Amino acid sequence: MRENRSNRGVWGSKIGFTLAAAGSAIGLGNIWLFPTVAGQNGGAAFVLIYVGCVLLIGVPVMIAELSLGRRAQSDPVGTFKSLAPKTWWKAVGALGVFTGFMILSAYTVVAGWTVKYILITVSGQFAGANPESIGRIFTEFVGDGFAVLLYHFVFMALTVWIVIGGIEKGIEKATKILMPLLFGLLLLLVLRSVTLQGAVEGVTFYLYPDFSKVTFGVIMAALGQAFFSLSLGMGAMITYGSYLSRNDNLVSSALYVSLADTLIAFLAGFAIFPALFSVSGLSPTEGASLIFLVLPNIFNAIPLGQLFGAAFFFLLAIAALTSTISLLEVVVAYLIDQLQWQRKLAALLVGSSAFLLGIPSALSNGSVSFLSQLWKSSQETLSLMDLVFLYFGKISLAVGALLICLFVGWKWGIRSALKEIRSGYPSFALAPLWTFLVRYACPVAIAIILASYFRS
Ligand code: PHE
């Protein structure tokens, strides 16, 4: 049994935790959003800026979150309560829990689409269909309220079922199977994509850094994408860190998770762009519809496309599932730790309410504008689902990350945080750099980005 002071549950192994945290991070954000956003914002130039954001802001914030969670061994609210008793800081935890709940309600809707797409692809409905009829299949599906809600429900039920299983027997066990599967499938798809005729053009598009496209807006998009993709700013990593044992190395954990997350996002681009360019006439800037409208055309045009298509949507569903698990776990942990609820009751109740809350989002999405402009400021009218993602997936995460940096840097204190980090990693040679980033660089950078959201 690993060392952890409470009986709240604990990861069975370090690899189990790393896979679960990577599973939280790797999601629709990597496979769907990342290639789309990179495609719209200068390809490799965006990728470089993104990597910079991950290393200089994402990793330090993740270390901060993990150290908070492990120190307090509590949910986000309990963490701030115990490290700064009788202050308003617990509101930061509450904001995180609320944000997780809101994101969950909309995220499972899209995750549900991926399940539907596995079935459509397997049933051969796409086979031989032209772009127009593929478009029609999509519009008809998202316009069919009953079907969308059914898949939304199925996905939420699956998430609840795993979370009820608890930390080691539910989340850890599921992610240990799902993550390697995801990685294997993605590699297979990349291989398929880059060996298609004309794939070079796609690779060039993806890897050619067009710095002329880099504006302040692009940097903003990269940072927003980094928070969302790394599951930062709402206490997901506080919660997952709370099930860690004292002798785990938080710094290497944060690095592994960020590396895996970034690698999968980067690879997703290789699965998509070469295939996209190999099927002529499709544009890399198709936005969110890239996956749901464009990819079926690609799978149609390549040998064994039906199989690869089904594999792709299966992959997307797995990635989404390990993320929805963590979103639900944040809220469930709060109810267990703060209100002494039973895990099962908490998971069922939160799952059902998030399902209900997601209904208007699910039904608001007859239009395909969805998320295409997510990380940019947009003049387009946004659907309810867009708004949920914008306010909670983007703004609230950035606010949360900023407050977490300020808390660790100035309130709870760098010394306490370093003590916690050093309990599993005594040497921590980069402590001065981390201190500088958490105290000064990250808060300033995030504040500038936030100010610009509100200005635009
Ligand atoms: N990181 C997940 C993704 O990329 C989304 C997520 C955000 C999950 C915040 C948990 C917390 O899809």
Side-chain angles (χ1 to χ4, degrees), residues 21 24-25 27-29 33 57-58 61-62 64-66 68-69 72 74-81 88-111 156 159 163 223-242 320 322-339 346-347 349-351 353-358 360-361 371 374-375 382 384-408 442 446-447 449-450 453-454:
S24 166
L28 297 173
L33 284 174
I57 301 177
V61 174
M62 193 180 293
E65 279 201 35
L66 290 175
L68 283 172
S74 189
D75 67 288
V77 175
T79 294
F80 286 98
K81 258 191 189 168
W88 62 270
W89 281 101
K90 56 181 173 293
V92 180
L95 175 71
V97 173
F98 185 64
T99 301
F101 181 65
M102 294 303 288
I103 299 181
L104 177 67
S105 75
Y107 200 99
T108 36
V109 175
V110 190
M156 191 68 84
T159 309
V163 169
L223 189 65
Q225 173 69 21
F227 285 141
F228 185 78
S229 190
L230 293 169
S231 304
L232 295 175
M234 53 153 271
M237 292 298 159
I238 294 183
T239 308
Y240 273 22
S242 75
T322 50
S323 297
T324 53
I325 290 171
S326 70
L327 289 163
L328 178 59
E329 178 61 25
V330 170
V331 190
V332 167
Y334 162 72
L335 294 172
I336 296 177
D337 289 344
Q338 298 307 305
L339 307 177
L349 229 83
V350 177
S353 341
F355 168 75
L356 292 176
L357 185 74
S361 282
L371 281 188
L374 177 58
W375 310 117
L382 297 172
L384 184 64
M385 187 194 264
D386 294 323
L387 289 175
V388 172
F389 273 100
L390 173 69
Y391 284 114
F392 296 96
K394 188 166 139 181
I395 297 176
S396 181
L397 293 186
V399 172
L402 171 65
L403 293 169
I404 286 169
C405 285
L406 294 177
F407 183 76
V408 171
C442 298
I446 304 170
I449 299 286
L450 267 173
Y453 283 159
F454 289 111

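The structure presented is a predicted model; accordingly, all values stated were derived computationally and were not measured.
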Residues in side-chain hydrogen bond (donor to acceptor under 3.5 Å, both in side chains) contact with Thr159, at least two apart in sequence or another chain | Thr324
First locate atom [atom1] of [X], then atom [atom2] of [Y], and finally report the distance between them rounded to the nearest 0.5 Å.
{"X": "Leu223", "Y": "Lys394", "atom1": "CG", "atom2": "NZ", "result": "11.0 Å"}
{"X": "Leu327", "Y": "Met102", "atom1": "CG", "atom2": "CE", "result": "12.5 Å"}
{"X": "Ile238", "Y": "Leu68", "atom1": "CD1", "atom2": "CG", "result": "5.0 Å"}

By ring-ring contact (aromatic ring centres under 6.0 Å, His included), which residues pair with Phe227, not counting sequence neighbours?
-> none
Identify the heavy atoms of [X] and [Y] that sit nearest to each other, and give their distance.
{"X": "Val109", "Y": "Gly358", "result": "CG2-O, 4.0 Å"}
{"X": "Ser353", "Y": "Phe101", "result": "CB-CZ, 3.8 Å"}
{"X": "Pro76", "Y": "Thr239", "result": "CD-OG1, 3.4 Å"}
{"X": "Gly393", "Y": "Ile103", "result": "CA-CD1, 3.9 Å"}
{"X": "Ile325", "Y": "Val163", "result": "O-CG2, 3.7 Å"}
{"X": "Val408", "Y": "Ala64", "result": "CG2-CB, 4.0 Å"}

Side-chain touch [X]/[Y], heavy atoms, less than 4.5 angstrom:
{"X": "Trp89", "Y": "Leu406", "answer": "yes"}
{"X": "Ser105", "Y": "Met156", "answer": "no"}
{"X": "Met237", "Y": "Leu230", "answer": "no"}
{"X": "Leu104", "Y": "Val331", "answer": "no"}

What do the steps show when you test Ile336 against Asp75 for side-chain contact (heavy atoms from CB on, under 4.5 Å), and what is the final call?
-> CA-CA 9 Å; Ile336 296 177; Asp75 67 288; over 6 Å; no
Donor-acceptor pair, Glu65 side chain versus Tyr240 backbone, under 3.5 Å?
-> no
Leu33 and Leu28: CA distance, side-chain angles, deciding distance, side-chain contact (heavy atoms from CB on, under 4.5 Å) verdict | CA-CA 6 Å; Leu33 284 174; Leu28 297 173; 5.9 Å; no
Testing Ile446, Leu397, Val92, Val61 for side-chain contact (heavy atoms from CB on, under 4.5 Å) with Leu402, which one passes?
->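 The option that passes is Ile446.
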Ring geometry between Phe80 and Phe407 (parallel below 30°, tilted from 30 to 60°, perpendicular above 60°) =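 Ring orientation, 0 to 90° scale: perpendicular.
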Check each of Ser323, Ser326, Ser24 against Ser231 using the side-chain hydrogen bond (donor to acceptor under 3.5 Å, both in side chains) test, and report the only one that passes.
->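 Output: one option passes, namely Ser24.
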Verify whether the ring centers belonging to Phe98 and Phe392 lie closer than 6.0 Å.
->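 Ring centres of Phe392 and Phe98 closer than 6.0 Å.
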